[in-house]
Amino acid sequence: HPELSIPWPVTHRFAMWKFDDLRRELIDAGLVTSETELFAPRDEANSSVLDAAIRRAHDASYVEAIEGDSLEVSLWRRIGFVARPDHALLMRRTRLEIAG
């Protein structure tokens, strides 16, 4: 899905760009005829299945802070960010990743 890659610091330890590179490579190589052939997760907003998956993997207070955009700056840095990412894009990207 094209929204799996969001604007990301090039120095961040997570290589976000790899998702967009893979998407383009698959299409350019003719391995898929369109993005929707391979990358078609449904819009995941308010999905109880995805919410449950996220909460099984993470502490509830952490999830609430991420979703509410209230995570402390020190915790953003601890997970590898030097600056706060665009909250809406990060949330959509994270949920798309889980969706499929």
Report task. With sequence neighbours left out, write down each residue that passes side-chain hydrogen bond (donor to acceptor under 3.5 Å, both in side chains) with Arg77, or none if nothing qualifies. Result -> none
**Report entry** ring-ring contact (aromatic ring centres under 6.0 Å, His included) partners for His87, two or more places apart
**Finding:** none
Requested in this report: Start with the C-alpha distance between His58 and Ile66, add both sets of side-chain angles, then the distance that settles side chain to side chain contact (heavy atoms under 4.5 Å, CB included), and finish with yes or no.
Outcome: CA-CA 11 Å; His58 299 285; Ile66 290 283; over 6 Å; no
Report task. May I have all residue pairs that pass salt bridge (Lys or Arg N to Asp or Glu O under 4.0 Å) and include part of residues 52-61, sequence neighbours excluded? Result -> Arg55-Glu67
Query - For the student: nearest non-hydrogen atoms of Tyr62 and Ile79, plus distance - result: OH-CD1, 3.7 Å
Report summary line: The side-chain hydrogen bond (donor to acceptor under 3.5 Å, both in side chains) partners of Asp69 (sequence neighbours excluded) come to Arg84
